[in-house]
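Below you'll find the structure, written out as structure tokens, and then a few comments.
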Amino acid sequence: MAHEEKLAELERRRAIALAMGGERKLEARRNSGVLNARERIDYLLDEGSFLEAGLHAYSIRPETRDKSPADGKIAGYGKVQGRPVALVANDFTVLGASSAQVNMKKMGHMKKTARERRMPLVLLGESSGGRMPDRMGASGRATIGQDREEYRRTRDTPWVSTLMGQSYGSSTWYSVISDVVFARKGAVMAVTSPRVTSIAIGQEISAEDLGGWKLHTEVTGLVDQAFDTDEEVLEAVKTFLSYLPSHKGEAPPRVAPKPAGDDQEKLLEIVPEARQRVYDSRRVLRTIADEGSVFELKSRFGRAIVTALARIEGRTVGFLANNPLHKGGAIDPDACDKAVNFLVLCDSFNIPIISMVDQPGFF
């Protein structure tokens, strides 16, 4: 058969790339109940829709070439509930998914394509930080510096980031400029690892204190929701994208209308006549919105304000509501930051805002 040797070589290289960091590392992940990067892609995307970009990439440095399949970042395109997305999944089994010249060029290409082809970008984060000496010196910085928008957020299309384990370096940078961030409990997001940080500041610090899910859902507000499993995180990605348009030039998708969550007469029971009594405004939203459609963001942060995507008669809306259950509904700096973040999201992607005001003042 013509080209038989070349086809055999292509298949050999493909098998190496798909083997990722090797069976021992993949088995360790299975035993710990954590999905690997390709399993995450399979779970998130519609079956058979993934088209990989850069499958045969590897490290530019000779000493790591043979142990860097796909150079630690799996990139490509697929569909989520029938709609196209661009995607990068960090493969921690390959050199800790560390950022390097080749894989950052792959990432830059996915961002550029997502913007130009007007599709959401999904970033499945888990990384050990920058790869040295790959990123050192003139050659390392020059190659990566070709992406002049490396950490610039244009808001042309929705960006979703996940934290699926240790997430240092680029996983942090891209998370903090994404529209939403979903984390698996146990994940850590920080500039660098606890070990490096402890040495730098001269005192021990735990991973949880440095950048755990409680810190980022309750104190910094950088994580929108945290879940117990990888699968729950990926389901949240699907749910979030279902409310958003693919790009800023179109309206959000409309689904089949559903009845409101509860009998509207219940509002008379939920909202008390006495103004000094408190109530949970989330119950109000669930009564007004289509049944089961309220998707709250940053529920553990700035709790005097509720921010939630929902649907009314099948159309996406954004609810911004004071919540008297916390601080009487008086908003503090965290609640203000939360409100601004949500308003920017809705304004960027043509989502109407419904403001539910019960505002006694400011802290």
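One-based numbering along the sequence shown. Both backbone and side-chain heavy atoms feed into the values below; hydrogens, waters and symmetry mates do not.
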Report summary line: Applied to residues 238-253, the salt bridge (Lys or Arg N to Asp or Glu O under 4.0 Å) test, sequence neighbours excluded, yields Asp156-Lys248, Glu235-Lys238
Report task. Kindly work out whether a path of hydrophobic side-chain contacts (I/L/V/M/F/W/Y, heavy atoms less than 4.5 Å apart) joins Leu345 to Val85. Result -> yes
Query raised in the report: Under the 6.0 Å and 45° cation-pi test, does Lys327 pair with Phe363?
Result: yes
Query raised in the report: Is Met119 linked to Val180 within one hydrophobic cluster, defined over Ile, Leu, Val, Met, Phe, Trp and Tyr using a side-chain heavy-atom separation of less than 4.5 Å?
Result: no
Query raised in the report: Quick one: do Val160 and Phe295 end up in the same hydrophobic cluster if we chain Ile, Leu, Val, Met, Phe, Trp and Tyr together by side-chain heavy atoms under 4.5 Å apart?
Result: yes
Report task. Using a 4.5 Å cut-off on heavy atoms from C-beta on, say whether the side chain of Leu309 contacts that of Phe240. Result -> yes
Query - Partner residues of Val191 under the side-chain contact (heavy atoms from CB on, under 4.5 Å) criterion, sequence neighbours left out - result: Trp173
Query raised in the report: So, Arg300 side chain and Glu218 main chain: donor-acceptor pair closer than 3.5 Å or not?
Result: no
Query raised in the report: Do NZ/NE/NH1/NH2 and the carboxylate oxygens of Glu232 and Lys185 come within less than 4.0 Å?
Result: no
Requested in this report: Could you verify whether a donor N or O on one side chain and an acceptor N or O on the other, from Asp230 and Tyr43, lie under 3.5 Å apart?
Outcome: no
Requested in this report: With Pro158 as reference, evaluate Ser178, Ser246, Pro120 under the side-chain contact (heavy atoms from CB on, under 4.5 Å) test and give the passing residue.
Outcome: Pro120
Query raised in the report: Applying the salt bridge (charged side-chain N to carboxylate O under 4.0 Å, His left out) test to Lys298, which of Asp224, Asp337, Asp179 qualifies?
Result: Asp224
Query raised in the report: Between Ile74 and Val237, is there a shared hydrophobic cluster once you connect ILVMFWY residues whose side-chain heavy atoms come closer than 4.5 Å?
Result: yes
Requested in this report: Say whether, by atom type as modelled, one donor and one acceptor occur between the side chain of Lys106 and the main chain of Lys73 under 3.5 angstrom.
Outcome: yes
**Report entry** Short side-chain to backbone donor-acceptor contact, Asn90 and Phe92, under 3.5 Å
**Finding:** no
Query raised in the report: Should Ile177 and Val223 be counted in the same cluster of Ile, Leu, Val, Met, Phe, Trp and Tyr side chains packed under 4.5 Å apart?
Result: yes
Report task. Return yes if a side-chain donor-acceptor contact under 3.5 Å exists between Ser68 and Ser59, otherwise no. Result -> no
Query raised in the report: Do Asn103 and Val88 come close enough that some side-chain heavy atom pair is under 4.5 Å?
Result: no
Query raised in the report: Would Arg311 and Ser242 count as having a side-chain donor-acceptor pair, cut-off 3.5 Å?
Result: yes
Query raised in the report: Salt bridge check: are Arg30 and Glu27 linked by an N-O gap of less than 4.0 Å?
Result: yes
Requested in this report: State, without any angle test, whether Ser281 and Asp358 hold a side-chain donor-acceptor pair at a distance under 3.5 Å.
Outcome: no
Query raised in the report: Hey, does the side chain of Arg29 reach the backbone of Leu35 with a donor-acceptor pair shorter than 3.5 angstrom?
Result: yes
Query raised in the report: Which one of Arg282, Arg277, Arg283 satisfies the salt bridge (charged side-chain N to carboxylate O under 4.0 Å, His left out) criterion with Asp280?
Result: Arg282
